[in-house]
Amino acid sequence: MVAGELVQEHVCADSGAAPERSPPLSISRRSPELEPQRGAQTSALEQHQASAAPGEQDGETGREADESEAMLLNGAGKPEDQECRALETKLYYKRFAVLTVFSLYSLVNAFQWIQYSIITNVFTQFYGVTNDKIDWLSIVYMVAYVPLIFPATWLLDRRGLRLTALLGSGLNCAGAWLKCASVRPDLFGLTVTAQVICSVAQVFILGLPSRIASVWFGPREVSTACAMAVLGNQLGSAIGFLLPPVLVPNTPDDQELTAYNIRIMFFGTAAVSTVLFILALAVIKDRPAKPPSQAQAVLSDCLPEDYSYRQSIYNLIKNKAFVLLLISYGILIGAFYSVSTLLNQMIMHCYQNQELNAGRIGLTLVVAGMVGSILCGLWLDHTKTYKMTTLIVYFLSFVGMVIFTFTLDLDNIYLVFVTAGILGFFMTGYLPLGFEFGVEITYPESEGTSSGLLNAFAQIFGIIFTLTQGKLITGYGPLAGNIFLSVWIFLGIILTALIKSELKRHNVNMGVKSKDLQPLPVECPPGEKSNDLTIPTSFSFSRETTI
C-alpha cells in the first residue's frame, strides 16, 4: 500500500473546517467537446482553463512547481477533519508479469529489426541485392511507424492497453513465421513483406512503456518501470547485434549452408514469438482494478466515447515545451537508429573481415545503453530532476559521438569497443528519459499519444539520418557521416536547454494542483462507471517544505 500511504500523506491536507462542503473536483483527459447529453454539467468541462484560477481556492497560489522544487515538495500538513478522504490505491504483483511479458516480445521485435543489417554482407550475397536494399529492411521500421502511429495511439486510447499489446505481439509473431518461408535467393520480396509486418507490429509496441508504467506502477517506481520496459527493446537490439553473426557466419562459397543457417535463425525467432504471444494473451490487461498512484486515480474513466483524439493531438502541439522535446528527442534517437543500422558498414570500411567484432561492438553499444537506462530511471524516481538529467545525458551523448567519430579509424578495434560503450551508455540511456519527461510536461494527456509522437519524430529523423549518413559513408567515408550526426546532436542540446520544465504529473502525486487541470462533474450518466477522485474545494495543499 505504498501508493495509498503516499496519497494520505501528500494529498489529504485540510486548511480548516468549512461550514458547507463545496462541489468536488476531478481531473480528466476528456476533451471539452460533444457533451450535449450532460445538460447543465457542461459548463464545468468547457471552462478548461478558467476553472483553476490562482488565489480562488483557500489561498492557493496556482503556480506549478518545477523540478527545482521537486525534492522539497512533500505535501506538508495533516488532516484536521475526518471528512478528508482519498481514493484507495493499490499496487499489484501482477504488474511485474505484465512488464516482463511486454519487455520480452518487444525484445523479439527489436531483434528482427537489426538482424539483417548487422550481417549485410551475408544477405547481399544470398539474395543477390545491393547494400541499400538490405538497409531498407531496417529503414522500413522507421517508414511504417510515421503514418501508422496516429491510428495506433488512437486505438490505445479508445480500446486500451490489452488490444494494442496483442496486436503488437500477434503481428510480430506472424512476420517471424513468414520469414521462415522466405529463405530462398529468389524470395527477397517475401522477406521484405515479412519485415514490413514486423515493422507494423513495432507501431503497437514502442509507445507502450510509459503507458504500462503509468497505469500499473506507483509514483516511486514509475520511471524505473518505464526504463525496464524500454530495456526489453534495447536488449533485443543487443541480441540482434550478437547472435546473427554467430548463427549465420559468412560462407560465400556454400549457399546451401548459408540458407540452413538463416533458417535456424528464423525458425528460432518464430518459436519464441509464438510462446510470447500466448503469454501476452494470458497476462496483459488494460489496467489494475485499483489505480497505483494519485495521478492515475484522478484521471477519469467516465464517458470514453466523448474522448477527442484530435483535441489531444492539438493540445500537445500547442505545448511549446513538448514541441521542443519532440525535435530534440527525434534528433538523438534518430542518430542512434542511424549508427545502429550503418554500424556494420562503418566497421567493415575501417577494419576488414571483422563481421563478428562489428556485432560485438553493436552489443557493447546497446548493453552499455541498457545500464544507462536503468540508472537514469532510478535517478529520476529518486530526484524528479527531469530537465537537468535529460540535458546532462544529451550533452554527454554529444561528447560520446565526437569521441567515437575521431577514434573509429585509428586502427585499434579494441578502442572502438570502449568508445562505442561510452556512446551507447548515454545515447541509448536517453530513451526512457524522453518518454518520462514527455509524460510529465503533457499530463494529463495520454501517455500513449505523447510517446507515440516522440517515437514518430525519432523515426522521421532516423530515416533522414540513415539515408544521408549512408550516402556520406559511401562517398566520403565514416568520418563525414559521423560529423554530420554530431552537428545535429549539438543542435539538440540547444533545443533541450530551452525546454521549460513543469512536473505536472509529479505535482498531482504530491498534492499540488495544476492550473491546466480541468474540473468535471462528480456523477456520470447512469450505467457508466467512474474512477474519478473527488477533492472538496475546502481542502488546500500546503506548500511548506521540510528539510
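When all heavy atoms of S199 and A144 are compared, the closest pair comes out as OG-CB, 3.4 Å. The two residues P209 and I205 come nearest to each other via the heavy atoms CD-O, 3.6 Å. The two residues T496 and S328 come nearest to each other via the heavy atoms OG1-CB, 3.4 Å. Between A238 and L363, the closest heavy-atom pair is O-CD1, 3.3 Å.
Taking 4.5 Å as the limit, some side-chain heavy atom of L161 sits within range of a side-chain heavy atom of L208. Side-chain contact check for L433 versus Y394: every heavy-atom pair is 4.5 Å or farther apart. Taking the side chain as every heavy atom from C-beta outward, L155 and L167 approach each other to under 4.5 Å. Taking 4.5 Å as the limit, some side-chain heavy atom of L326 sits within range of a side-chain heavy atom of F322. In this structure, L99 and F217 have side chains that are in contact, with non-hydrogen atoms separated by less than 4.5 Å. Within the 4.5 Å cutoff, side-chain heavy atoms of Y127 are placed close to those of S182. With a 4.5 Å cut-off on side-chain heavy atoms, F465 and V339 do not count as touching. Residues I262 and F123 have side chains in contact (heavy-atom distance under 4.5 Å, counting atoms from C-beta outward).
Going from atom CG of L231 over to atom OG of S373 covers 6.5 Å, rounded to the nearest 0.5 Å. In this structure, SG in C173 is found 12.5 Å from OH in Y105, a value given to the nearest 0.5 Å. The distance from atom CZ of F126 to atom CG of N261, rounded to the nearest 0.5 Å, is 10.0 Å. To the nearest 0.5 Å, atoms OG (S397) and CD1 (I422) are separated by 11.5 Å. Residue F204 holds its CZ atom at 12.5 Å from OG of S169, rounded to the nearest 0.5 Å. For the atom pair F277 CZ and L166 CG, the distance stands at 6.0 Å (nearest 0.5 Å).
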For this session: For Y116 and K179, run side-chain contact (heavy atoms from CB on, under 4.5 Å): C-alpha distance rounded to whole Å, both residues' side-chain angles, the deciding distance at 0.1 Å, then the answer.
Result: CA-CA 12 Å; Y116 290 100; K179 287 181 182 180; 3.6 Å; yes
Exercise. Taking it one step at a time, do V143 and I463 satisfy side-chain contact (heavy atoms from CB on, under 4.5 Å)?
Worked result: CA-CA 7 Å; V143 173; I463 294 168; 3.5 Å; yes
For this session: Check the pair L453 / I149 against side-chain contact (heavy atoms from CB on, under 4.5 Å), numbers first and verdict last.
Result: CA-CA 7 Å; L453 287 175; I149 185 54; 5.6 Å; no
For this session: Report the C-alpha separation of I361 and F241 in whole Å, then their side-chain angles, then the decisive distance to 0.1 Å, and conclude whether the side-chain contact (heavy atoms from CB on, under 4.5 Å) test is met.
Result: CA-CA 8 Å; I361 290 170; F241 281 119; over 6 Å; no
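A side-chain donor-acceptor contact under 3.5 Å links T274 and W177. Residues N357 and Y351 bring no donor and acceptor atom of their side chains to less than 3.5 Å of each other. When only modelled atom types and interatomic distance are considered, T269 and Q112 share no side-chain donor-acceptor pair under 3.5 Å.
Centroid-to-centroid, the aromatic rings of Y430 and Y329 come within less than 6.0 Å.
Ring geometry, W113 versus Y337: the interplanar angle exceeds 60°, so the pair is classed perpendicular (tilted spans 30 to 60°). Ring planes of F395 and F398: tilted class, angle from 30 to 60°.
Screening residues 236-264 for salt bridge (charged side-chain N to carboxylate O under 4.0 Å, His left out), with sequence neighbours left out, gives no hits.
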Contacts under 3.5 angstrom, residues 477-490 side chains, donor-acceptor by atom type, not counting sequence neighbours:
{"residue": "N482", "atom": "OD1", "partner": "Q469", "partner atom": "NE2", "Å": "2.9"}
{"residue": "N482", "atom": "ND2", "partner": "P478", "partner atom": "O", "Å": "3.4"}
{"residue": "S486", "atom": "OG", "partner": "N482", "partner atom": "O", "Å": "2.9"}

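Within the 3.5 Å criterion, the main-chain N or O of R211 finds no donor-acceptor partner in the side chain of S214. At least one donor-acceptor pair closer than 3.5 Å links the side chain of Q202 to the backbone N or O of Y141. S138 places no side-chain N or O within 3.5 Å of a backbone atom of I134 that could act as its donor or acceptor partner. With Q195 contributing its side chain and L137 its backbone, the two residues share a donor-acceptor pair below 3.5 Å. Looking at S338, its side chain never comes within 3.5 Å of a backbone N or O of G334 through a donor-acceptor pair.
Results of the side-chain hydrogen bond (donor to acceptor under 3.5 Å, both in side chains) test with Q345 over T120, D135, N131, N121 single out D135 as the only residue that passes.
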